[in-house]
There are 2 protein chains.
Amino acid sequence: MIDVAKAAGVSKSTVSLVLRGAAGVKADTVEKVNTAIRELGYVYNRDAAGLRSRESNLVAIVANDLANPYLAQVIIALEGELELRGYMPVVVNINESVDRQSSMVASLKEHNVAGFFITPAPGTEAVWLRELADASHPVVCLMRDVEGAHVPTVMPDNRLGMYLATRYLIGLGHKRIAFVGGLTTISDYHERKDGFLKAMREAGLTVKDSDIEPSSTKRQGGTIAVNRVMDRDASITGIVCFTDVVAYGVYTALQERGLTPGKDIAVVGFDDLEDSRLMSPALTTVRVRAEDIGQMAYERLQQWRDNQKVPENALVGVELVVRSSCCSVEG
Amino acid sequence: MIDVAKAAGVSKSTVSLVLRGAAGVKADTVEKVNTAIRELGYVYNRDAAGLRSRESNLVAIVANDLANPYLAQVIIALEGELELRGYMPVVVNINESVDRQSSMVASLKEHNVAGFFITPAPGTEAVWLRELADASHPVVCLMRDVEGAHVPTVMPDNRLGMYLATRYLIGLGHKRIAFVGGLTTISDYHERKDGFLKAMREAGLTVKDSDIEPSSTKRQGGTIAVNRVMDRDASITGIVCFTDVVAYGVYTALQERGLTPGKDIAVVGFDDLEDSRLMSPALTTVRVRAEDIGQMAYERLQQWRDNQKVPENALVGVELVVRSSCCSVEG
DNA sequence: CTGAAAGCGCTTACAG
DNA sequence: CTGAAAGCGCTTACAG
């Protein structure tokens, strides 16, 4: 920078002003400085800037599992918001491990990030999260709620989504409906299950314990879980799946059992992944717009930085997308 | 840090030594310093350290598309290698855009990263990449080669993979085989196509221009591309797909045409995604172990940092995984 | 509108 | 084995 100053015939302070686009520098001087920067191939040192100013444009997106396609959508949306505002989003992947989560987050703090977006790993402790947030670092949780942490959280309206999906199946005449997939260690599982149970209860339908089978959220989880449910009780005619990915696994299992989704049995998902409309049959599912999550999450961060009161929980709207995976059933 | 020094009754230098785990500090002193650190909730400032030492533990993984499941696997593997060695991997997503690629990389340079892993966006210029690498930042390309850049690149043995896949189909008696999917703007497309053509040529089989149809690498790309090919010529009995994801899209199109993969028509993919073995029929494909890519890529970085000669190109081994998506054909 | 000086929190020689 | 001093490249008041 001192070289740039020399080359442009000005002082370091002036170069700094130009670099940060401060108003009130003569256009002429700006021009000279920029030319010098270009000619010298000067690279701004953010370590030095951050050290002095205590500010950073780095924002961390701490992702629980990069292999999850829906999360990928959310990350992409959030990155878009962040970049638009001059932040530098970096994503780190914790693979559902609390240990990696805490070591990665500690590292990120050392790097002086301006804020955290985080999908908390199963087993995340409320104290840990609250203390992280206290330390002048804004924290926004994505997709998952950690009870007692009181950190702003943006997630889909899981209850309503599953309620709508289940009601739709009930409206089609289904009476024996199973709820399949999802990890019981994470908040969204319970919310989605609640939505399912509420719809069943309202319709006066019974849900046996054996109609509910949690599983990994991978494709194979759906395959295993639905097989268990159907082995126990073949009278099931409708399957409400924790996510679209689980539903894909359910398709596989059903087909292997000689059942055609959309004809012999009804299947509904949650997320509306891009692939879902290309499955055969096209999957009926609950859509949650990843862009909405990204946008609301960004707003939370901004409110925090502006010292506004940040609402603790924000529910992102959901919408049932009817395609061809649900047949009706004779009354 | 000065507070820590005071609390521990030592000098700043000693604290620094302890922090970096230098040998030759009395165990007693180390103990005192660590206690002070814990009690004061001290957070190491990497900006300051990086400014002074010109070193960084940050490594950037510049990903062309976070929504690509195979790339996600590679990233996860690479992160594992990096973390094992004390690096802090951060991933930034460029969404196949050269502009975002250059702005993100410029930002990353300002943050003084220790190295770049990058899957170059279509249209990446060789000069840009070479200059990036010159600037004392090690650069390793992943999955894609940029001609003329002379930057170490780690990618699957695309030619061999597709050669094996095609030979397999030929061995099953197929004579009319199409090559479907892939973006012509990226090196891997041409390599895979070459492997396909080589196998066909060796077997004395003709390939018409209309048997080859590039497309987006998304699922829908496969659907569209295979429909085009089959509309032009229904005598095709085997489909070699650019990737597994493309093959999934091909499945959809085929089923809509009343054709069952593995019975009426043969389909083979490339990547061996986790889902592929769960498709029905299970997809025959070319496996490229993401762990191998991660490991070789890490080695390249290390060699560079150790001032060893880094071999320019490294091909990762491939393996045909036979499952049930390929039928044989009467001679 | 521009310059000279101090200081952010570390690490790096260099003494001792 | 430990301490005192200088300096990394910026930004921040403060003069002028």
Side-chain angles (χ1 to χ4, degrees), chain A residues 1-37 40-58 86 88 106-114 135-137, chain B residues 1-37 40-58 86 88 106-114 135-137:
Chain A
M1 173 152 145
I2 199 156
D3 298 335
V4 174
K6 250 178 238 160
V10 299
S11 77
K12 271 200 321 180
S13 323
T14 308
V15 175
S16 177
L17 256 18
V18 173
L19 242 21
R20 287 174 296 137
V25 181
K26 259 198 293 188
D28 185 31
T29 314
V30 174
E31 184 59 33
K32 273 192 296 189
V33 171
N34 282 330
T35 312
I37 287 176
L40 296 174
Y42 164 78
V43 176
Y44 185 63
N45 184 331
R46 290 213 183 254
D47 282 355
L51 176 58
R52 185 62 236 248
S53 70
R54 312 260 55 207
E55 283 183 1
S56 169
N57 69 340
L58 270 186
M88 172 79 193
S107 247
L108 257 2
K109 270 164 79 172
E110 296 183 353
H111 281 288
N112 180 28
V113 298
S136 88
H137 299 277
Chain B
M1 172 153 142
I2 199 154
D3 298 334
V4 174
K6 251 179 238 159
V10 299
S11 76
K12 271 199 321 180
S13 324
T14 308
V15 176
S16 176
L17 256 18
V18 174
L19 242 21
R20 285 173 299 137
V25 182
K26 259 198 292 187
D28 186 33
T29 314
V30 173
E31 184 59 33
K32 272 191 296 188
V33 170
N34 282 329
T35 312
I37 288 177
L40 297 174
Y42 164 78
V43 176
Y44 185 62
N45 184 332
R46 289 211 184 257
D47 281 357
L51 175 58
R52 184 62 236 248
S53 71
R54 311 260 55 208
E55 283 182 2
S56 168
N57 70 340
L58 270 185
M88 172 78 194
S107 246
L108 257 2
K109 270 164 79 174
E110 295 183 353
H111 281 287
N112 182 28
V113 298
S136 89
H137 299 277

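Chain identifiers are assigned alphabetically (A, B, ...) following the order of the sequence lines, protein sequences preceding nucleic acid strands; residue numbering begins at 1 within each chain. Keep in mind that this is a model prediction, so the values were computed, not measured.
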| A:Thr14 pairs by side-chain contact (heavy atoms from CB on, under 4.5 Å) with which of A:Val30, A:Val4, A:Thr29, A:Leu19? | A:Thr29
| said: Nearest whole Å is fine: how far is D:dG9 P from A:Leu40 CG? | reply: 14 Å
| query | Taking the side chain of B:Val25 as its heavy atoms from C-beta onward, which of C:dT11, D:dG9, D:dT2 lies nearest to it? | reply | D:dT2
| query | Would a 4.5 Å heavy-atom cut-off, applied to side chains only, mark B:Arg20 and B:Leu17 as touching? | reply | yes
| field | Gap between atoms CD1 and C1', on A:Ile2 and C:dG3 respectively (whole Å) | value | 12 Å
| query | Roughly how far, to the nearest 0.5 Å, is the OG atom of B:Ser11 from the NZ atom of B:Lys6? | reply | 13.0 Å
| request: Find the distance B:Glu110:CD to D:dC8:C1' and express it as a whole number of Å. | output: 17 Å
| request: Could you tell me the separation between the CG atom of A:Leu17 and the P atom of C:dA4, rounded to a whole number of Å? | output: 15 Å
| Does A:Ser16 have a side-chain nitrogen or oxygen under 4.0 Å from the phosphate oxygens OP1 or OP2 of D:dT11? | yes
| said: It should be established whether A:Thr14 places a side-chain nitrogen or oxygen under 4.0 Å from OP1 or OP2 of nucleotide C:dT2. | reply: no
| request: Identify which nucleotide among C:dT2, C:dC10, D:dC10 has an atom closest to any side-chain atom of B:Ala49, counting heavy atoms from C-beta outward. | output: C:dC10
| query | Does B:Ser13 or B:Ser53 map to a spot on DNA chain D nearer the 5' end, using the closest nucleotide for each? | reply | B:Ser13
| B:Arg52 side chain: which of D:dC10, D:dA6, C:dT2 is closest? | D:dA6
| field | Positive for side-chain contact (heavy atoms from CB on, under 4.5 Å) with A:Asn112, one of B:Asn45, B:Asp47, B:Val43 | value | B:Asp47
| said: Expressed as a whole number of angstroms, how long is the span from B:Lys6:NZ to D:dG3:P? | reply: 14 Å
| message | Working to the nearest 0.5 angstrom, can you tell me the gap between A:Ser56 OG and A:His111 NE2? | response | 10.5 Å
| remark: From OH of B:Tyr42 across to C1' of C:dC8 the rounded distance in Å is 13 Å
| message | Looking at D:dC1, I'd like to know if its phosphate oxygens (OP1 or OP2) sit under 4.0 Å from a side-chain N or O belonging to B:Thr29. | response | no
| task | Calculate the interatomic distance between A:Asp3 atom CG and D:dC10 atom C1'; express it in whole Å. | result | 14 Å
| query | Nearest nucleotide by nearest heavy atom, which residue falls closer to the 5' end of DNA chain D, B:Ala23 or B:Arg54? | reply | B:Ala23
| said: For C:dT12 and B:Arg20 - does any side-chain N or O of the residue sit under 4.0 Å from the phosphate oxygens OP1/OP2? | reply: yes
| remark: pair_partner(C:dA4), Watson-Crick or wobble, both distances < 3.5 Å, evaluates to none
| Which nucleotide sits closest to the side chain of A:Lys12: C:dG9, C:dT11, D:dC10? | D:dC10
| query | For B:Leu51 and C:dT11, what is the distance between atoms CG and P respectively, to the nearest whole Å? | reply | 11 Å
